[in-house]
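What follows is a single structure, written as structure tokens, with notes after it.
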There are 2 protein chains.
Amino acid sequence: MLSKEELLAYCAGARKNYLPHISIDCVVFGFHEGVMKVLVLNVEEGEWYLPGGFLLKEEPIETAANRILKERTGLDDIFLQQFYVFGDPERSKEHFEMYKDILPAGENWFTNRFLTIGYYALVDFQDVNPMPDELSISCNWFGLKELPELKLDHTQILNTALDTLRLHLNYQPVGYNLMPKEFTMPELQKLYETILDKKLDRRNFQRRMLSFGILNRSEQQRKGGAHKAPYLYAFNIENYKAALTEGFKGGW
Amino acid sequence: MLSKEELLAYCAGARKNYLPHISIDCVVFGFHEGVMKVLVLNVEEGEWYLPGGFLLKEEPIETAANRILKERTGLDDIFLQQFYVFGDPERSKEHFEMYKDILPAGENWFTNRFLTIGYYALVDFQDVNPMPDELSISCNWFGLKELPELKLDHTQILNTALDTLRLHLNYQPVGYNLMPKEFTMPELQKLYETILDKKLDRRNFQRRMLSFGILNRSEQQRKGGAHKAPYLYAFNIENYKAALTEGFKGGW
DNA sequence: ACAAAAGTGTTTGATATACACCCATGT
DNA sequence: ACATGGGTGTATATCAAACACTTTTGT
């Protein structure tokens, strides 16, 4: 926890640089060892938050989200998807309460009501170097199944992000941003199974995935593991991007 | 156009009551005589805008959207769907320019940079009584094909709303909010064709629509028209709502 | 040699597409 | 009577689901 002086300086800086009443919260998804992970900040003992931040006064929203995530992950050019604005007038009260005994209301940045713009991000787990922000003491990956309870409405934000991601899975390719450059079909399947939280048929998955035409199979196979060596695949970026904009399913 | 005094009063009221930097813009879709219509405001000669407004300081976003639309349409309980936040720092400059010669910057509400939360609304055309807001001189329906060019980024907002609506059509029922209580299958098909901007097969449309189980066929038929009398249908609200939350297509 | 993981293929049912036919009504 | 729009039905292709067999590799 910052000292009162530090907090005052933080609030003064925020008032000077950021738009009031507006924040961004990011649900950063990574995939590692068959588990879906989310980046979570620890402010103090038992206080967990999604990574977030504010908009500079003349900054585009997506730029701000990128900036915030660069600070938390070290990564540029993260795949980001805006998914919802959370604006319950009560949603940030908890944050205000937390600082109201320390800071005079006029000085307290968190006296503001905040609408928060939710983004979800898909990143390659291996590339991320989690770093806490000014207000927190650590930044860590948590498996989806072992998440602590989050403060404010951050659990709701996370669940909405998950729902949105699952929905997107139905008409968009997902995976390029979550997988390493090369991966095997079973590994990709595991990603889908993790996101959807259900088992898929190995053979049907492969057929369907290949039918999208967004994968290139390498000559190479993943050696070293026990059992038969699986082929390595990489995404075909051109087709992948085309599929991202055009979508998969016809619908009507 | 308001007088300077009126504008000053408007701005003072806005500063007092609304959150700064945040607005709401609504794309109100109605369907009439086989044409998709959108509500558009006329501020002055050749200046067209989507209906919009601001958030009261302690007002939930959706409540604000409802309030704004009640003022424009006379309707309560409108079907609303938040679909995107538009936040380009340049997006509201045009609005500022418009008033800068009349109002001192410090007084001018539109000096603010605004992020706008986009909602689309689906309403029964017949129920709407379009009413202009304080800043405009008229509020009218325009067919999608005969829309004037809109100011600010409102054309982009409208197009994004349309894209979202089309997407939703693929996994959600649409129509309850756009159609009168009773309607014929060809009428409903016309709605779909209008939204998608393409022809559908009469017989396949009917089969598919019925397969969703969200329609009740009435004993009655629409008499009076030329040709064979079509059956009247109404939405089965329970199933409709269930389909809204659960969606249609399996996907994975 | 065998267990476990991976590649490939087949059978079956469901769903979508493209049509054809009949019926009712106003002119 | 006939043109037009509306109700219903069928053949075919296409796709998804369920399932079987073979191949490879480490133990």
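In what follows, every chain begins at residue 1, and chains take the letters A, B, ... in the order their sequences are listed. None of these values were measured; they are calculated from a predicted model.
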Mind telling me whether [Y] and [X] have parallel, tilted or perpendicular rings, with 30° and 60° as the class edges?
| X | Y | value |
| --- | --- | --- |
| B/Y176 | B/F235 | perpendicular |
| B/Y171 | A/Y171 | parallel |
| B/F142 | B/W48 | perpendicular |

Hey, does the side chain of A/T155 reach the backbone of A/K151 with a donor-acceptor pair shorter than 3.5 angstrom?
->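 Here the side-chain-to-backbone pair does not exist.
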
Starting from [atom2] on [N], measure out to [atom1] on [X] and report it in whole angstrom.
| X | N | atom1 | atom2 | answer |
| --- | --- | --- | --- | --- |
| A/Q220 | C/dA6 | CD | C1' | 18 Å |
| B/E193 | D/dG5 | CD | P | 13 Å |
| A/F183 | C/dA6 | CZ | P | 15 Å |
| B/F212 | C/dT15 | CZ | P | 11 Å |
| A/N170 | D/dA16 | CG | P | 12 Å |
| A/Q189 | C/dA6 | CD | P | 9 Å |
| B/R208 | D/dT14 | CZ | P | 18 Å |
| B/M209 | D/dG6 | CE | P | 16 Å |

Is the distance between the ring centroids of A/Y84 and A/F86 less than 6.0 Å?
->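 Distance test on ring centres: under 6.0 Å, yes.
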
When the aromatic ring centroids of A/F212 and A/F248 are compared, is their separation below 6.0 Å?
->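 Centroid separation for A/F212 and A/F248: below 6.0 Å.
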
Is A/D197 salt-bridged to A/K145, cutoff N-O under 4.0 Å?
->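 Yes, charged N to carboxylate O under 4.0 Å.
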
Charged N-O contact under 4.0 Å between B/D76 and B/R67 |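 Salt bridge absent between B/D76 and B/R67.
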
Contacting residues from residues 200-207 of chain A, given that a heavy atom lies under 4.0 angstrom of DNA chain C |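 When residues 200-207 of chain A is checked for heavy atoms under 4.0 Å from DNA chain C, the hits, listed by number, are A/R202, A/R203, A/Q206, A/R207.
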
Contacts to DNA chain D from residues 226-236 of chain B, heavy-atom cutoff under 4.0 Å, which residues?
->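 By residue number: B/H227, B/K228, B/P230, B/Y231.
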
Would one find more than 12 heavy atoms of other residues, nucleotides or ligands at under 6.0 Å from atom CD of B/E149?
->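 At most 12 heavy atoms, drawn from other residues, nucleotides or ligands, come within 6.0 Å of this atom.
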
Across the strands shown, which category fits A/R217 at heavy-atom distances under 4.0 angstrom: base, sugar-phosphate, nothing?
->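 A/R217: backbone/sugar contact only, no base atoms under 4.0 Å.
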
For B/L210 and for A/Q221, locate the closest nucleotide of DNA chain D by heavy-atom distance; then report the residue assigned to the nucleotide nearer the 5' terminus.
->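 On the 5' side of the pair lies B/L210.
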
